[in-house]
2 protein chains.
Amino acid sequence: MSTPSSPTRGRPARIDRTRTVEAALDLLDESGLDALTMRRLADALGVQVGALYRYFATKQDLLTAMAERMAGGAADAAGPPGDGDWSERAARLARALRTALLAHRDGARVFAGTHATGPNTLGFSDSLVGVLREAGFGDGEAARALYAVTHFTVGHTLEEQAALRPGDGGTPEAGALREAVAAGTYPHLAATLPVLTSTDFAAHFEFGLRLLLDGLRAVRG
Amino acid sequence: MSTPSSPTRGRPARIDRTRTVEAALDLLDESGLDALTMRRLADALGVQVGALYRYFATKQDLLTAMAERMAGGAADAAGPPGDGDWSERAARLARALRTALLAHRDGARVFAGTHATGPNTLGFSDSLVGVLREAGFGDGEAARALYAVTHFTVGHTLEEQAALRPGDGGTPEAGALREAVAAGTYPHLAATLPVLTSTDFAAHFEFGLRLLLDGLRAVRG
DNA sequence: ACCTGAACACCGTTCAAGT
DNA sequence: ACCTGAACACCGTTCAAGT
C-alpha cells in the first residue's frame with residue numbers, strides 16, 4: 001500500500017511517512033489548511049509531488065496521519081488512577097484534546113475532517129471510556145459520554161479556531177453579529193451580546209464541559 | 001457587492017441568489033460537497049461559471065448562503081411559550097438543528113465550515129437564548145449554553161453524516177475500529193464496542209443532549 | 001526501490017468584450 | 001445590466017521512464 005518494504009535496497013529513501021507528516025504539520029502552522037497542498041509539501045521536502053504518493057495513497061490519508069499525530073499524548077492526561085475523582089480525570093482528558101487541537105493552526109478542522117484509528121486516537125478514547133467505567137458507569141453510558149465529550153470538544157475548538165482566523169481586530173464576525181443584532185429584532189442576542197462576543201474561549205469551553213460532567217453525575221447510579 | 005440593482009434594466013436576469021442557492025442545495029444532495037463546484041453549479045443553471053460571481057463574491061459566500069438557508073424554520077421549533085418546560089423547548093430546538101443539517105447531504109460540513117449571520121441562524125440563536133433567559137438563567141449562562149448545545153449538535157451531526165457516507169456495508173470505520181481493538185490492547189473500547197459501533201445516532205444524540213440539559217438544571221439557581 | 005517528468009482532468013477567480 | 005469567452009494560476013492523482 002503506502003508503506004515501502006523493509007530492507008534498504010537501492011538508494012536510501014529521501015523521505016518517509018514520519019518526516020512527511022512533520023513537514024506537513026509545519027506547513028499547516030505556517031500557512032493554514034487551505035494552503036497545504038501536495039505540491040507545496042513536496043517543495044518543502046525537496047521532492048517532486050508524485051513522490052508523496054509512494055507513502056500516502058491520497059491527501060486524505062496524509063491528513064488522517066496528521067490528525068493521529070496531533071492526538072499524541074492526550075491519552076496520558078487522565079493521570080494515574082486515584083489522581084483526582086472521575087470527573088476531574090475526564091475533564092483533564094477533554095482539556096488535553098482541546099489543547100492538542102489548538103497546538104496547530106486549523107488543528108480542529110484537520111481532526112474533524114478525518115477518522116484516525118491509530119494508537120493515539122484509540123488510546124485517548126480508551127482512556128476516557130476507562131475513567132468512566134471504573135467510576136461505575138455502564139458500558140453504554142461510558143461509550144455515549146465519550147462521543148458527547150469528544151463531539152462537544154471538537155465542535156467548540158472548530159469555532160474557537162475559526163473565530164481567531166482573520167487575525168487583526170477583535171473577533172471576525174463579531175462585527176457582523178453586532179450589526180445584525182442592532183438592525184434586526186433579536187432581544188435575547190442583544191442582551192447577551194457581551195458574552196456572545198467574548199473571546200474568553202477557555203471559559204466557554206469550561207462551561208460546556210461542566211454541563212456535560214454535571215449531567216453525567218445526575219445520570220449516574 | 002453581490003446583489004444586482006433593483007429596477008430591471010436591460011434583459012431580465014437569468015439567475016438570482018435564491019435560485020442559485022436552491023440549485024446548489026440540489027447539487028449537494030445529489031453529489032455531495034466535494035463534487036459541488038462552481039462549474040458544475042453553473043452547468044446546472046445553464047450559465048457560464050463567471051456569471052455566478054455577479055451574485056456571490058466567492059464560493060465561501062455561496063456556502064454561507066446555503067448554510068443560512070438550511071437553518072430555515074429551526075427557530076420555530078421552540079414552540080409558543082408555555083408549550084413544555086424550558087428543557088423540553090431547548091431540546092426541541094437542538095433536535096430541529098440536527099434535523100435541518102441531516103436534511104442535506106454533508107449539511108453539517110457546510111454548516112460547520114461557514115458563519116452565517118442571516119435571520120434563520122440568528123433567529124435560532126435568539127430563540128434558544130430566549131428560552132433559557134425566560135427560564136431564569138443568567139445572561140452569561142444562557143449565552144454559553146447556546147454555544148455548548150450548538151457545538152455539540154454540529155459536532156455530533158458532523159460525525160453522524162461522516163459515518164453514513166461510504167454507503168454500502170455497515171459503518172465505515174467500524175471495521176477499522178474492530179480490527180484495531182482486536183489487535184491492540186484497548187480493554188475499555190473492546191468492552192463497549194457494541195455501543196461504539198452502533199448506528200443508532202438518534203440515541204447517541206439524545207444522550208449527549210440530556211447530559212447538557214441535566215447539567216444546566218444542576219447549574220441553575 | 002525510489003523518485004522524476006510529464007501529463008490528465010480538473011479547480012476558483014477575474015475581466016474584457018459582447019448584447 | 002447581465003452574461004460569455006477566455007484566460008490565469010493553480011489543484012490531486014497517475015504512471016512510464018530513469019537511476
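Residue numbers begin at 1 in each chain, while the letters A, B, ... track the order of the sequences. Values below: all heavy atoms of this structure, side chains included; hydrogens, waters and symmetry mates excluded.
Counting heavy atoms of neighbouring residues, nucleotides and ligands inside a 6.0 Å radius, atom CD of E179(B) does not exceed 12 of them.
M38(B) has its CE atom 19 Å from the P atom of dC11(D), to the nearest Å. Here the C1' atom of nucleotide dT14(D) and the CG atom of L52(A) are 13 Å apart, to the nearest Å.
Comparing R39(A) and G46(A) along DNA chain C, the residue whose closest nucleotide (by nearest heavy atom) sits nearer the 5' end is G46(A). Nearer to the 5' terminus of DNA chain D, by closest-nucleotide assignment, is the contact made by Q48(B) (compared with the other of Q48(B) and V49(A)).
The shortest distance between the side-chain N/O atoms of Y55(B) and the OP1/OP2 oxygens of dC3(D) is below 4.0 Å.
Separation of the P atoms belonging to dA9(D) and dC10(C) is 22 Å when rounded to the nearest angstrom.
Distances from the side chain of R40(A) to the nucleotides dC3(D), dC11(D), dC3(C) place dC11(D) closest. Listed nucleotides dG12(D), dG12(C), dC2(D) differ in distance to K59(A); the shortest reach to its side chain belongs to dG12(D). Ranking dT4(D), dA7(C), dC3(C) by closeness to the A51(B) side chain, first place goes to dT4(D).
Residue R14(B) is classed as a sugar-phosphate contact, given heavy-atom separations below 4.0 Å to backbone atoms only.
With a cut-off of 3.5 Å on both pairing distances, the Watson-Crick and G-U wobble pairs of DNA chain C assemble into stems of 3 or more at C:4-8 with D:12-16, C:12-16 with D:4-8.
Checking H104(B) against D29(B) by side-chain atom types alone, a donor-acceptor pair falls below 3.5 Å.
If you run side chain to side chain contact (heavy atoms under 4.5 Å, CB included) between T18(B) and each of D16(B), V21(B), I15(B), only D16(B) comes through.
Annotation for R89(B) and V131(B): closest pair NH1-CG2, 3.7 Å, computed over non-hydrogen atoms.
For the pair V129(A) and Y186(B), the minimum side-chain heavy-atom distance is 4.5 Å or more.
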